[in-house]
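These numbers were taken from a predicted model, which means no experiment stands behind them. Residue numbering restarts at 1 for every chain, and letters A, B, ... go by the order of the sequence lines.
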Amino acid sequence: MAITKVCGMETEYGIHVVSGSEMSPTSASSLLINAYVARLERRVGWDFEDESPGRDARGFSREGAMPPEIETHLVNAVLTNGARYYVDHAHPEYSTPECSDPLQLICHDRAGEVILVRSMEAARHLLAPGEEIVIYKNNSDGKGNSYGCHENYLVDRAVPFNRIVQQMTPHLVTRQVYAGAGKVGLENSESTESVDYQLSQRADFFEEEVGLETTLKRPIINTRDEPHADAQKYRRFHVIVGDANLSEVAAFLKVGTTAVLLALLEDEFDVGRDLTLASPVAAIRAVSHDPGLTTTVELVSGERLTAVELQWELFTRARKYAEAEGLAVLGEEAVGALLLERWEQVLNGLETDPMSLAGQLDWVAKLRLIEGYRDRHGLEWGDSRLAALALQYHDLRPAKSLSQRLNLERLVAPEDVERAVTEPPATTRAYFRGRCLSLFAPAIVAANWDSVVFDVGTDPLRRVPMMEPLRGTALHVDTLLEGCESPAELVERLGS
Amino acid sequence: MPEREQKRRAAPARETEEVETEEAPATTEKGEKLKAEIDDLLDEIDEVLEDNAEEFVRNYVQKGGQ
């Protein structure tokens with residue numbers, strides 16, 4: 001049986017300091033996050049497991065974990081919505097709390113944007129006159145530097161990794177036809193190919209099919225094996241090829257399609273013929289470089305398909321799967337139904353008139369804007385005004401953001417997004433983490449994905465492990481939390 | 001399975017182009033509406049665009065990450 005597709009997203013935001021000649025991006029990121037966190041009264045740090053090996057109240061230890069990749073002196077906060085907000089090298093990064101369905105995740109991804117916008121406002125008061133920290137939700141600076149928007153999916157450990165590689169690679173190569181955020185020009189290429197506009201921000205940066213790297217020789221399939229959950233039962237499928245989206249429809253499809261195709265794998269659903277690509281790395285670039293969508297990619301069988309045709313096959317499989325098994329893995333029935341409906345709709349649109357999707361997909365919305373501007377001013381593609389327009393599409397400042405002016409279709413209500421700024425999803429362990437922070441922050445020493453560490457005034461520190469992502473939900477712990485007057489009582493009752 | 005694949009195969013963009021003449025009035029209307037929308041938007045964004053595009057683009061450099 002496929003398992004509920006618990007999912008999350010980690011977005012590294014682009015950061016630029018206006019008139020801040022001396023401020024490094026790392027300092028600016030720290031200042032930004034500190035400014036936001038200082039406005040909240042509670043402040044709890046992230047727990048790096050190697051810092052407190054002897055403190056585990058329950059003898060929990062993890063196997064096969066990789067060392068933390070984050071420099072520990074940098075800002076690192078856990079928020080009451082269960083998210084993690086921190087400095088990753090030279091960028092502010094926001095990791096959503098674990099969500100139990102793709103639509104909930106899109107809501108929390110947008111809440112992350114709101115938090116970044118509020119951070120910019122909070123930082124303004126700490127900067128010299130004329131200085132400003134500006135945040136961009138994109139993945140490339142147009143000069144060969146890329147930063148990621150990573151997705152995470154909970155997968156049954158029983159699925160052999162090579163099957164994930166085999167079946168997910170064709171999807172990750174072609175889903176950019178709807179999930180791409182659009183980019184002006186070409187990066188990271190030694191070829192003489194000329195590309196005015198491409199589907200994806202990230203495609204130019206992928207050089208391997210499978211591997212562990214995230215910054216050099218990036219692989220289409222990342223093999224990081226760090227489930228942040230019971231490693232005997234679960235795998236965390238870590239996807240690094242995606243673009244950060246401003247469009248909710250694009251983001252929802254990106255996550256939803258990937259989640260449902262993972263469920264097919266878990267159920268060993270008969271998927272029909274082999275869609276393995278002959279050269280995935282060449283294919284991901286070729287698909288991205290052709291907004292006309294006519295480029296074909298070669299399968300190992302020798303057959304050639306366009307990315308849209310390949311997506312039709314994947315869609316058909318997903319629909320058959322839904323008919324046979326239902327889509328409870330995506331949460332409430334309406335979520336799975338919406339996914340199939342929108343997936344089919346965008347593929348039809350891409351096939352007949354891609355520009356009809358300008359209100360739904362980032363790459364189309366941005367292209368239409370640029371084409372309109374080009375027409376009006378008679379500009380060539382190399383004109384820096386077009387690159388400026390493309391960059392400003394991702395600017396998160398409400399007064400400057402171009403994407404916000406395009407009236408992209410929304411799938412989540414603004415009030416739900418606002419709630420997600422402070423409240424955790426009720427349906428995953430993020431609920432326990434977030435609610436503990438709201439209720440007992442002074443007693444919480446640290447928290448991370450799979451535990452919360454309490455200092456209840458007596459030795460030793462007490463670690464509450466959360467190895468099951470679907471435990472610690474409102475249903476499980478609300479009564480318990482409401483009945484506890486102190487963190488000591490909570491820890492006591494959890495320990496019994 | 002083969003049927004469904006056949007069906008998908010049989011509906012590539014080219015066929016749709018053929019029937020487009022019938023839908024032309026609607027498409028044009030829709031196209032004009034889109035154009036009017038983008039025109040309004042372009043009027044509006046002229047006011048918010050960064051002043052010096054070349055410098056703005058040149059200064060946006062992101063090093064490090066992930």
Side-chain angles (χ1 to χ4, degrees), chain A residues 12 14-16 18 25-26 69 88-91 93 136 140-143 145-148 150 214-215 218 240 270 272-273 293-294 306 308-309 312-313 315-316 319-320 351-353 355-356 358 368-369 371-373 376 383-389 391-392 395 399-402 405-407, chain B:
Chain A
E12 287 185 334
I15 183 165
H16 180 63
V18 179
T26 308
E69 56 180 336
D88 187 7
H89 305 293
H91 298 275
E93 177 158 345
Y136 296 84
S140 149
D141 66 359
K143 302 170 184 69
N145 300 309
S146 183
Y147 31 102
H150 298 173
T214 57
T215 53
R218 294 183 185 90
I240 67 169
D270 177 17
R273 67 181 181 141
L293 305 173
T294 55
T306 67
V308 173
E309 285 168 341
W312 271 124
E313 292 227 12
F315 166 77
T316 304
R319 191 173 54 190
K320 281 186 205 163
E351 211 169 52
T352 54
D353 177 15
M355 280 299 145
S356 67
R368 185 175 69 131
L369 181 68
E371 288 286 17
Y373 197 78
R376 175 176 283 202
D383 198 292
S384 53
R385 277 169 287 180
L386 302 181
L389 208 62
L391 178 53
Q392 210 177 324
D395 190 329
K400 289 284 191 179
S401 164
L402 298 188
R405 285 161 199 272
L406 294 174
N407 292 322
Chain B
M1 342 183 128
E3 304 133 302
R4 205 159 272 168
E5 281 168 14
Q6 284 293 335
K7 211 164 101 197
R8 284 302 168 211
R9 245 350 105 50
R14 281 141 225 96
E15 275 202 5
T16 322
E17 277 166 27
E18 286 171 27
V19 294
E20 233 168 51
T21 40
E22 285 173 51
E23 289 172 12
T27 310
T28 312
E29 202 177 299
K30 203 174 153 198
E32 275 169 12
K33 188 166 163 279
L34 280 175
K35 192 169 181 311
E37 267 176 35
I38 199 82
D39 271 344
D40 288 349
L41 182 74
L42 289 171
D43 290 340
E44 195 190 326
I45 65 169
D46 270 335
E47 289 161 30
V48 300
L49 283 182
E50 295 288 345
D51 296 333
N52 185 336
E54 204 174 325
E55 190 186 322
F56 168 58
V57 171
R58 190 177 54 236
N59 286 345
Y60 187 76
V61 179
Q62 306 286 307
K63 291 224 166 99
Q66 296 179 97

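Considering only heavy-atom pairs separated by less than 4.5 Å from chain B, the leading option among A:His16, A:Glu371, A:Met355 is A:His16. Contact count versus chain B (heavy atoms, under 4.5 Å) is highest, among A:Leu389, A:Asn407, A:Val308, A:Leu391, for A:Leu391. Ranked by heavy-atom pairs under 4.5 Å with chain B, the first of A:Gly372, A:Ala388, A:Ser401, A:Ala358 is A:Ala388. When B:Ile38, B:Leu42, B:Asp39 are compared by the number of non-hydrogen pairs under 4.5 Å with chain A, B:Leu42 comes out ahead.
Interface residue B:Asp46: only side-chain heavy atoms are found under 4.5 Å from chain A. For A:Asp395, the part sitting under 4.5 Å from any heavy atom of chain B is the side chain, from C-beta outward, and nothing else. With a 4.5 Å cut-off on non-hydrogen atoms, A:Ala387 touches chain B through its backbone and its side chain both. With a 4.5 Å cut-off on non-hydrogen atoms, A:Leu386 does not touch chain B at all. Only the backbone of A:Ser140 comes within contact range of chain B, judged by heavy atoms closer than 4.5 Å. Contact of B:Leu41 with chain A is made through the side chain alone, with heavy-atom distances under 4.5 Å. Contact of A:Leu293 with chain B is not made at all, since no heavy-atom distance falls under 4.5 Å.
Open room surrounds CD on B:Glu54; 12 or fewer heavy atoms of other groups in view lie less than 6.0 Å from it.
Using a cut-off of 4.0 Å between Lys/Arg side-chain N and Asp/Glu carboxylate O, A:Arg376 and B:Asp43 are scored as salt-bridged. A:Arg385 has a carboxylate O that lies under 4.0 Å from a charged side-chain N of A:Asp383, or vice versa, which qualifies the two as a salt bridge.
The two residues A:Gly14 and A:His91 have their closest heavy-atom pair at CA-ND1, 4.1 Å.
Panel note: side chain A:Arg405, backbone A:Lys400; no donor-acceptor pair is recorded below 3.5 Å. Listed for the B:Gln62 side chain is a donor-acceptor partner under 3.5 Å among the backbone atoms of A:Ile15.
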If you apply the rule side chain to side chain contact (heavy atoms under 4.5 Å, CB included), what do you find for B:Asn59 with A:Val18, and how did you get there?
CA-CA 9 Å; B:Asn59 286 345; A:Val18 179; over 6 Å; no
Which is it for B:Glu55 and B:Glu50 under the side chain to side chain contact (heavy atoms under 4.5 Å, CB included) test, yes or no, and what are the steps along the way?
CA-CA 9 Å; B:Glu55 190 186 322; B:Glu50 295 288 345; over 6 Å; no
